[in-house]
Amino acid sequence: MQNKTQLFMVATPIGNLEDASPRALRIFDEVDTILAEDTRVTRKLLNHFDIKTPLERCDEHVISSKSDALVERMSSGERFAFVSDAGMPGISDPGTVLVDKALDQGIKVEVIPGPSAVITALAASGLGIDNFYFAGFLPRKASQRQQALQALSFYAGALVFYESPLRLLATLEALAQAFPNRKALVARELTKLHEELYRDDLPKLFDEFSKRESIKGEIVIVVDALRDHSGRALSPQEAYEDFISRLNSQILPEDPLEFASQLPEDLKTSEKAKQLAQAYNISRKEAYDLLVGK
């Protein structure tokens, strides 16, 4: 393994340029090339601090095809800094592909810590969080989004999501249906001039943002942890027991087809058969035959 760091994962400001650390700026000056998700975004940062280091595009569309060549260049002595559009690289961005290959080849990787939208939103939420699960972006399709939230419903800690302004209402509606009794924080444009932190029960958050003519900016949603009637956050074991209790308390219709009719309409027949089989403890073939009328 080389003693000299060849790849730096560098956190960059999520809005306010004053959050750029002196260490990050020094690394930008010292490396041979800066790999960026969007060179236009990173160029604005570099211009602000009068940094002339060459930029190279390295987004999700090209990183897989370029990573082997980049690692070879590192092995030959070239030094790189990798940055996402904003915040800590490697979190919901393609940087992990490059880090994985570099480490496999014995390349020394160093992280330059700094701003993170996830951690900033958690700290701003005031929800008394001991642990959390970062879920990134929820699926686009309503049925898949519903399934993802069902899977997360028994997690003991807080849930953190990224969301775009175009999909915020659909996501808040799904969250309000899945967790009607939980508080949440919608953090928009963190550290920027028009930063907004709006905290309330999820149904009220959905109502609030439904009234707006337009929604702009980068968004982080923090959903409070699962709590008991006294407001105490449940432990992981308690959360699991609560989930099993709720699962066992569900009363299935006598007719499996009635159960199937309650599933989302846009689910594929194969997926409906899977859920039907699990609910009624029958084979998938039997469930599929019921659905198609065999």
Side-chain angles (χ1 to χ4, degrees), residues 91-93 117-118 120-122 124-127 129 131-190 196-227 233-234 239-240 242-247 249-252 258-276 278-279:
I91 307 298
S92 267
D93 79 16
V118 172
T120 303
L122 282 165
S125 71
L127 295 174
I129 294 159
N131 57 81
F132 69 92
Y133 179 84
F134 173 58
F137 289 91
L138 283 168
R140 291 179 179 273
K141 290 185 65 174
S143 59
Q144 294 175 353
R145 188 163 54 236
Q146 182 187 42
Q147 290 171 5
L149 292 177
Q150 286 175 346
L152 292 170
S153 66
F154 68 95
Y155 179 74
L159 304 172
V160 186
F161 305 92
Y162 281 160
E163 198 46 274
S164 73
L166 295 177
R167 293 171 50 191
L168 178 63
L169 288 182
T171 294
L172 285 178
E173 183 176 25
L175 288 170
Q177 291 172 353
F179 313 119
N181 300 316
R182 295 203 207 181
K183 285 188 179 296
L185 172 81
V186 174
R188 191 180 64 82
E189 293 287 78
L190 282 168
E196 179 181 28
L197 303 173
Y198 203 104
R199 193 181 82 163
D200 212 326
D201 295 332
L202 275 162
K204 292 180 180 178
L205 283 173
F206 173 67
D207 289 342
E208 164 62 26
F209 283 92
S210 295
K211 298 172 186 174
R212 303 191 179 189
E213 292 185 3
S214 64
I215 303 169
K216 297 179 180 179
E218 302 295 327
I219 296 162
V220 184
I221 303 170
V222 181
V223 177
D224 195 13
L226 188 61
R227 297 180 182 273
L234 300 186
Y240 176 75
D242 176 78
F243 170 73
I244 294 299
S245 175
R246 286 186 282 121
L247 192 65
S249 67
Q250 293 178 355
I251 301 175
L252 294 173
E258 183 181 345
F259 171 85
S261 69
Q262 298 171 6
L263 296 173
E265 292 183 1
D266 58 348
L267 270 187
K268 292 182 179 179
T269 304
S270 58
E271 182 58 34
K272 287 185 178 181
K274 177 183 175 182
Q275 295 199 24
L276 191 63
Q278 291 174 341

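Model, not experiment: these values are computed from the prediction.
- Put simply, CZ on F161 and CZ on R167 are 11.5 Å apart, with the number rounded to the nearest 0.5 Å.
- Under the side chain to side chain contact (heavy atoms under 4.5 Å, CB included) test applied with V223, the options L175, L205, L149, V160 reduce to a single match, L175.
- We find the CG-CG distance between L226 and L152 to be 12.0 Å, quoted to the nearest 0.5 Å.
- Minimum interatomic distance between N131 and G157 (heavy atoms only, all atoms of both residues): OD1-CA, 3.0 Å.
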> Could you walk me through whether Q147 and E271 pass the side chain to side chain contact (heavy atoms under 4.5 Å, CB included) check?
Replying inline: CA-CA 11 Å; Q147 290 171 5; E271 182 58 34; 3.6 Å; yes

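- Checking side-chain atoms of R199 against main-chain N and O of A187 turns up no donor-acceptor pair under 3.5 Å.
- What you find for A158 and V222 is that their closest heavy atoms are CB-CG1, 4.5 Å.
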> When you look at F209 and V186, which way does the side chain to side chain contact (heavy atoms under 4.5 Å, CB included) test go after all the steps?
Replying inline: CA-CA 10 Å; F209 283 92; V186 174; 3.7 Å; yes

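- The shortest non-hydrogen separation linking S164 to F137 is N-CE2, 4.0 Å.
- The structure places CG of L138 at 7.5 Å from CD1 of I221, a figure rounded to the nearest 0.5 Å.
- Considering all non-hydrogen atoms of both residues, P139 and A148 come closest at CD-CB, 4.1 Å.
- Distance CG/L168 to CD1/I215: 4.5 Å, rounded to 0.5 Å.
- Rounded to the nearest 0.5 angstrom, L185 CG and I219 CD1 are separated by 11.5 Å.
- For the atom pair CG (L172) and CD (E208), the distance works out to 10.5 Å, reported to the nearest 0.5 Å.
- Looking at R212 and E196, a side-chain N of the basic residue comes within less than 4.0 Å of a carboxylate O on the acidic one, giving a salt bridge.
- Annotation for L159 and R182: closest pair CD1-NH1, 4.3 Å, computed over non-hydrogen atoms.
- The backbone N or O of K216 sits less than 3.5 Å from a side-chain atom of R188, completing a donor-acceptor pair.
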>> For a side chain to side chain contact (heavy atoms under 4.5 Å, CB included) check, start with the C-alpha distance between F179 and D224, then their side-chain angles and the critical distance, and finish with the verdict.
In response: CA-CA 9 Å; F179 313 119; D224 195 13; over 6 Å; no

> Stepwise, does the side chain to side chain contact (heavy atoms under 4.5 Å, CB included) test hold for Q177 with L202?
Replying inline: CA-CA 9 Å; Q177 291 172 353; L202 275 162; over 6 Å; no

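- Closest of all the heavy-atom pairs between F206 and S210 is O-OG, 2.6 Å.
- Taking the six-membered ring for Trp, Y162 and F134 have ring centres closer than 6.0 Å.
- Within a 6.0 Å radius of CD in E218, no more than 12 heavy atoms belonging to other residues, nucleotides or ligands are found.
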